[in-house]
Amino acid sequence: MDMTGVNFGTTDWSSVPTTEHAGDSGSATWRTREFGSVRVRMVEYSPGYVADHWCSRGHVLLVLEGTLTTELANGEVVTLKAGSSYQVGDDMEPHRSSTQEGARLFVVD
């Protein structure tokens with residue numbers, strides 16, 4: 001992650017427009033800001049959300065609300081509750097997310 005040339009700033013996430021992304025089931029609502037090559041998102045997964053793809057992009061992800069289940073391509077399954085986070089580098093372990101109850105996340109990639 002390179003944050004060179006990014007000036008100090010603040011974000012009122014409630015004023016950032018949303019985009020909807022369908023999963024295999026449920027949906028993800030993103031509020032996205034970009035700072036140079038860094039993407040910062042507030043993400044809300046609906047109850048029953050299952051990602052429609054395996055992701056190879058690196059992230060730092062913090063669960064703000066709910067419970068998130070992340071499956072790695074090697075079969076490992078990790079469950080995170082509010083206040084827990086994970087980090088993974090680009091092109092490391094492919095992963096995909098799901099949630100039974102819904103989740104709200106803060107993601108930097």
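If you read the sequence from its start, that first residue is 1, and numbering goes on from there. The figures here come from the full heavy-atom set of this structure, side chains too, leaving out hydrogens, waters and symmetry mates. All figures in this text were calculated on a predicted structure; none of them were measured in a lab.
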My understanding is that only residues two or more places apart in sequence, or in another chain, count here; which of them pass side-chain contact (heavy atoms from CB on, under 4.5 Å) with [X]?
{"X": "A73", "value": "W54, P94"}
{"X": "V50", "value": "D24, S25, S98"}
{"X": "Q100", "value": "none"}
{"X": "D12", "value": "S14, S15"}

Within residues 25-36 or reaching into it, pairs that qualify as salt bridge (Lys or Arg N to Asp or Glu O under 4.0 Å) - sequence neighbours excluded: none
All pairs passing salt bridge (Lys or Arg N to Asp or Glu O under 4.0 Å) where residues 53-82 contributes a residue, at least two apart: R57-D109, E65-R104, E71-R96
Results of side-chain hydrogen bond (donor to acceptor under 3.5 Å, both in side chains) for S37 - residues two or more places apart only: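 If we apply the side-chain hydrogen bond (donor to acceptor under 3.5 Å, both in side chains) test to S37, skipping adjacent residues, there are no hits.
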Results of side-chain hydrogen bond (donor to acceptor under 3.5 Å, both in side chains) for T4 - residues two or more places apart only: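 Here the qualifying residues are D2.
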Is there side-chain contact between [X] and [Y], with at least one heavy-atom pair below 4.5 Å?
{"X": "L64", "Y": "M42", "value": "yes"}
{"X": "V16", "Y": "T11", "value": "yes"}
{"X": "F106", "Y": "V40", "value": "yes"}

Single-linkage hydrophobic cluster V60~L62, side-chain heavy atoms < 4.5 angstrom: no
Taking every non-hydrogen atom, the tightest pair across A103 and T67: CB-O, 3.9 Å
Taking every non-hydrogen atom, the tightest pair across T32 and W13: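 Of all heavy-atom pairs spanning T32 and W13, the closest is N-CZ3, 4.4 Å.
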For M92, the rest of its hydrophobic cluster, which grows through side-chain links under 4.5 angstrom: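 Reading the cluster by chain and number, M92 sits alongside W30, V43, Y45, Y49, L61, V63, L68, V78, L80, Y86, V88, L105, V107.
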Under 4.5 Å side-chain linkage, directly or through intermediates, the cluster mates of F8: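 So far as hydrophobic clustering goes, F8 is joined with none.
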